[in-house]
Amino acid sequence: MKELNLEDILANTSDLTKEKKVWYVAIIGRPNAWKSTFVNSLIWEKISITTNVPQTTRKRVLAIYNDDESQIIFFDTPWIHKSEKKFNKEINWVAISSFKDAEVILYFIDSSREWWKEEEYIREILEMVNKPVVKVYTKTDLEPRINIPNWDDILKISSISKDWFDNLLVKVKSYLKMGPMFFPDDYYTKQDIYFRISEIIREKAFLHTKEELPHSVFIWVEEIEDNEDIMKMVAYIYTESDSQKYIVIWKGWSLIQRIWKEARIELEKIFEKKVFLALRVKVRKNWRKDDRLIKEILH
Ligand SMILES: Nc1nc2c(ncn2[C@@H]2O[C@H](COP(=O)(O)OP(=O)(O)OP(=O)(O)O)[C@@H](O)[C@H]2O)c(=O)[nH]1
Ligand SMILES: [Mg+2]
């Protein structure tokens with residue numbers, strides 16, 4: 001094992017007393033509004049999983065943007081939509097509670113989709129929050145389905161033309177105050193390894209399942225053994241019913257095999273070593289109604 005040398009460590013540690021424009025910024029919007037894709041594109045790292053299935057993000061994910069004059073900590077949040085279901089209500093709460101810490105809220109509006117009652121619900125919530133809100137129209141490379149106003153204080157972005165990112169950063173910085181940094185300036189996220197692995201597996205599960213099945217799944221990483229050249233892990237895909245478990249194991253060219261293969265390839269890229277992934281499917285009946293488990297998964 002490499003011997004630790006205090007002087008080397010100090011020489012390589014950021015000066016956290018350095019003052020920059022620093023604070024938290026929450027990103028909110030309806031499902032599929034491009035919240036997670038945006039933070040990944042901005043940071044140039046896959047921090048938050050993205051799929052074409054609405055309602056992908058379930059937990060608040062931190063994406064830390066650093067440049068010479070600022071450290072902006074974006075909260076990528078889950079979708080907001082009205083629902084009476086316990087799990088969805090808790091997810092809405094994850095998004096809404098992020099307002100409390102944020103200096104400014106970026107409200108992402110998908111310009112390629114027609115106006116829908118979800119937007120009204122978000123507006124009702126925003127009216128109750130005493131924080132500046134910046135509207136950001138996303139997916140502007142696609143045919144717009146809503147009227148995008150021509151005001152100076154709105155922003156338009158697309159993952160294809162990243163030019164607009166600069167305008168957005170200038171706008172965000174105008175709300176931030178100078179202060180000591182919260183994180184070393186080479187940090188881009190704050191996530192534990194169990195969460196990161198479970199999210200990669202969940203992304204693959206979302207991509208290969210349909211209808212209600214992706215939303216009925218949660219991932220539990222049981223054990224990780226991190227060696228120098230190989231990382232071993234045991235993880236479970238939990239479904240809500242036996243019939244869903246059957247679909248994951250037997251449907252098509254075995255879904256579990258595809259999920260396992262794609263997750264393993266991506267994890268090997270992330271950790272830059274061989275990954276041994278033991279992936280099993282289990283049933284946890286009605287887990288979306290289980291208060292304690294919901295808290296454990298979402299917080
Ligand atoms: N055409 C186009 N598609 C985009 C753009 N940005 C994102 N997408 C697609 O939109 C889909 C949703 O992106 P996400 O970033 O997962 O959306 P989200 O807002 O995080 O969604 P939830 O986590 O479900 O709330 C993905 O399939 C992306 O490929 C864009 O600028 N242009
Ligand atoms: Mg998301």
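Just follow the structure's listing: the first ligand is 1, and inside any ligand the first atom is 1. Remember, predicted model here, so these are calculated numbers, not experimental data.
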Carboxylate-amine/guanidinium contact [X] [Y], below 4.0 Å:
X	Y	result
Arg288	Glu212	yes
Lys35	Asp76	no
Lys273	Glu228	no
Glu203	Lys46	yes
Glu120	Arg123	no
Lys86	Asp290	no

Counting heavy atoms under 4.0 Å, the part of Leu142 that contacts ligand 1 is side chain
Any heavy atom of Thr51 under 4.0 Å from ligand 1? The part involved is backbone
So CD of Glu103 and CD1 of Ile72: to nearest 0.5 Å the spacing works out to 11.5 Å
Which of Ile122, Ile91, Ile28 passes side-chain contact (heavy atoms from CB on, under 4.5 Å) with Trp79? Answer is Ile91
Element-labelled atoms of ligand 1 that are located less than 4.0 Å from some non-hydrogen atom of [X]:
X	value
Ala33	17 (O), 18 (P), 19 (O)
Trp79	25 (O)
Gln55	24 (O)
Asn52	27 (O)

Sequence neighbours excluded, the answer for ring pair (Phe, Tyr, Trp, His ring centres under 6.0 Å) partners of Phe218 is Tyr238, Trp287
Would you indicate which of [options] comes nearest to [atom] when only heavy atoms are counted?
atom	options	result
atom 23 (O) of ligand 1	Thr138, Thr57, Thr77	Thr57
atom 1 (N) of ligand 1	Asp141, Ile49, Thr56	Asp141
atom 16 (O) of ligand 1	Thr140, Thr50, Ile27, Asn40	Thr50

For Ile80 and Asn92, the nearest pair of non-hydrogen atoms, with its separation, is CA-OD1, 3.2 Å
Are the aromatic rings of Tyr188 and Phe183 close, with centres under 6.0 Å apart?
no
Regarding Lys59 and the six-membered ring of Phe195, is the cationic atom NZ or CZ under 6.0 Å from the ring centre and inside 45° of its axis? yes
Original post:
Is Thr37 in polar range of ligand 1, meaning some N or O pair under 3.5 Å apart?
Top reply: yes
Under 3.5 Å: N/O of Ser36 near N/O of ligand 1:
yes
The protein N, O or S atoms lying under 2.8 Å from the Mg ion (ligand 2) are Ser36 OG, Thr57 OG1
Should Pro54 be listed as contacting ligand 1, given a heavy-atom distance under 4.0 Å as the test?
yes
